[in-house]
Number of protein chains: 2
Amino acid sequence: MSNIREVARLAGVSVATVSRALSHPEKVAPATLEKVQAAIAELDYRPNMLARNFRQARAFAIVVLVPDLSNSFFATVIRAIEDRAQQRGYVVLLGDTRDSRVRERSCLRLVETRLADGVIQLSPHATAHPDRDEILCVYACGCENTPAPSVRIDNVRAARTVVEHLLALGHRRIGVISGLRDNPHSRDRLKGYKQALRAAGLAFEPSWVAEGDFTLASGLEAARRLLARREARPTALFCMNDEMAIGALRAAKTLGLEVPKQLSVTGFDDIRYAPYTDPPLTTVAQPAEAMGRAAADLLLDRIEQRAGDNELVVLPFEFIVRGSTGPAPG
Amino acid sequence: MSNIREVARLAGVSVATVSRALSHPEKVAPATLEKVQAAIAELDYRPNMLARNFRQARAFAIVVLVPDLSNSFFATVIRAIEDRAQQRGYVVLLGDTRDSRVRERSCLRLVETRLADGVIQLSPHATAHPDRDEILCVYACGCENTPAPSVRIDNVRAARTVVEHLLALGHRRIGVISGLRDNPHSRDRLKGYKQALRAAGLAFEPSWVAEGDFTLASGLEAARRLLARREARPTALFCMNDEMAIGALRAAKTLGLEVPKQLSVTGFDDIRYAPYTDPPLTTVAQPAEAMGRAAADLLLDRIEQRAGDNELVVLPFEFIVRGSTGPAPG
DNA sequence: TTGTAAGCGTTATCAG
DNA sequence: CTGATAACGCTTACAA
């Protein structure tokens, strides 16, 4: 528990010199530096970062707000954020909001009380921006009307790409398993779905959209509802994330429907489990790691005042065709 | 950016009173309290936690060291930790070590430099305890020789339970897909496997153990190796976690083996995807949330000096039979 | 019940 | 290049 003063005394220099030796070694004479380092080693001294942060009025910490950490896609994004943050000398505070407004507020308080320098939001809450605009906030998984600074893929085009693929396979009745209706991602992806239909001259049929909430269980339920109908049953399901697609695959299995022979299923995200479903999931790969890195850089640049102009980062997605999609049944 | 002094001035009291009004409201006269609160509201004052932490020489933060955040089991444990930590007024710093010694060290530095008050380890590194024993460290997913304080299930018995189940189903050639050989969990679970075999009067056959590293891909590969043999092929695979089991299921599928008719597969962890595999995975449910909560309490109690005697928490597991296991083929 | 005042360990300013 | 010293915002004896 030695402090900078003891180091100074032992090294026979002033505390200012010790401080400099640590933060700006180039500004101190080599001989002095050596003495200081010897003293530090001797005392096994560790600078007290609590004091440093207080003095500099900076936490060197950022908060990551995630709706559900155990979703494998978010976990990957966060890993990348943490990686980059650490490289740049920051720590990451975890804020699993469980989609609760209250918990979200309490995480934002961390910034207000100086325990964190900024926030990375993983949900695209375009609706409810942090009230206090002093709070530095960037979005890592944005959508069309997510305010800058933010990182996103073109969700509309990605969804369109998926649906065009299904159309090209001959599907005409394409069900949708959507996230919550007012979720911005749901909106964007539904928009892409509609665009593809319209371009193919097909009418949008609202009853083919089943609302879920991006969880496995909700995907299973939604698929059950869509597949329950006797006549005009969908021959394909466009699921707005992989988790719900996995749920849908399960539903198909329990209903005795063969995928992709009788039913095609698509996902979104390309989580690590996607290649391991049965059959492997056709899906949109979001560049999760790149998104995390980009969001971290965006935020840290702003925290360090060197905000670039690149405030809206749109990264490329990749459409990956695996085994869960096939020609529409005869 | 108002500070406690301004609040004091506006309220017409001393800074000490404002401080007390915030931390020990019961020690201040109701009338005074009201004045202070009015001033706080008026100025929209937020206490500077950086200063508070510095003054109290406490970070009110804990580090969670996780080998791989994107593993769904760990994510669930961490969620629970974060939840409990927040309830008790602490924040959680994320430390994804990616199984790297270097990164682990750098996370422990956070405690040494006072940025965190303690550490929760999610890997059971019984071998390499933090060198500096001033560091408060608890293990959330321990195994037989994980040092206390720690939380764990009885891995040996759980593994034995699984294998007994397979034996009861008539399996005699039970392959093992193990984690890295020197991983403590691998050891415990292999021990349980051997115990079950011995109790059934069967010999342990080393060539039936394939080493993986707890990832999906390694499970797939290991299963391929085990199932490649022509004669005396295993009729069941005991996988040491769900991810590898999912990989094994995929391997079986690509080899045209029907599960469970021709091959039984078991997992470990009961991650959220386990009920959604095809067929749904028979597995050991670890009480991930309870483990997280217990670990958090263990650590926070020690940080706050009221360390109980309950230093070694062993929680009950649950063996869940789903569809991936069945009678041994004729 | 409230006020006074002494720090906590660092960094930054300024003079030497 | 180095040293003296004044903050930073808060908590907490201790005194009143």
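Letters A, B, ... mirror the listed sequences (proteins, then strands); counts begin at 1. Just so you know, these numbers use all the heavy atoms, side chains as well, and skip hydrogens, waters and symmetry mates.
Nucleotide dT13(C) holds its C1' atom 12 Å from the NZ atom of K27(A), rounded to whole Å. Rounded to whole Å, the distance from CZ on F60(A) to C1' on dT11(C) is 11 Å. Atom CG of L50(A) and atom P of dT11(C) are 13 Å apart (whole Å). The CZ-C1' distance, from R58(A) to dT11(C), rounds to 13 Å in whole Å. Atom CZ in R9(A) sits roughly 19 Å away from atom C1' in dT2(D) (whole-Å rounding). When the C1' atom of dT11(C) is taken as reference, atom CG of N53(A) falls 12 Å away, rounded to whole Å. Distance E26(B) CD to dT1(C) P: 10 Å, rounded to the nearest Å.
A search for side chain to side chain donor-acceptor pair (under 3.5 Å) contacts involving N155(B) returns R189(B), not counting sequence neighbours. When the side chain to side chain donor-acceptor pair (under 3.5 Å) test is applied to S100(B), no partner is found at least two apart in sequence or on another chain. Residues passing the side-chain contact (heavy atoms from CB on, under 4.5 Å) test with V91(A) are A61(A), L93(B), L110(B), sequence neighbours excluded. For A29(B), the side-chain contact (heavy atoms from CB on, under 4.5 Å) partners are T32(B), not counting sequence neighbours.
Applying the salt bridge (Lys or Arg N to Asp or Glu O under 4.0 Å) test to pairs two or more places apart or on separate chains, none has a residue in residues 11-23 of chain B. Screening residues 59-88 of chain B for salt bridge (Lys or Arg N to Asp or Glu O under 4.0 Å), with sequence neighbours left out, gives D68(A)-R79(B), R79(A)-D68(B), D96(A)-R79(B), R103(A)-E82(B), R103(A)-D83(B), R272(A)-D68(B), R84(B)-D297(B), R88(B)-D297(B), R88(B)-D301(B), R88(B)-E304(B).
Evaluation of F54(B) against the base of dC8(C) yields a stacking contact (centre distance < 5.5 Å, interplanar angle < 30°).
Over its full length, the helix from dT1(C)-dA16(D) to dG16(C)-dC1(D) turns its helical axis through 30°, comparing axes from the five pairs at each end and rounding to 10°.
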Without placing hydrogens or testing angles, list every side-chain donor-acceptor pair under 3.5 Å for residues 47-58 of chain B, not counting sequence neighbours.
from: N48(B); atom 1: OD1; to: L50(B); atom 2: N; distance (Å): 2.8
from: N48(B); atom 1: OD1; to: A51(B); atom 2: N; distance (Å): 3.1
from: N53(B); atom 1: ND2; to: A59(B); atom 2: O; distance (Å): 3.2
from: R58(B); atom 1: NH2; to: Y90(B); atom 2: OH; distance (Å): 2.5

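More than 12 heavy atoms of other residues, nucleotides or ligands shown are found within 6.0 angstrom of CD on Q87(B).
A salt bridge does not link R109(A) with E104(A): none of the charged nitrogens is closer than 4.0 Å to a carboxylate oxygen.
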Summary of protein contacts for nucleotides 10-16 of chain D, nucleotide by nucleotide, where a base hit scores B, a sugar-phosphate-only hit scores S (4.0 Å, heavy atoms): BBB----

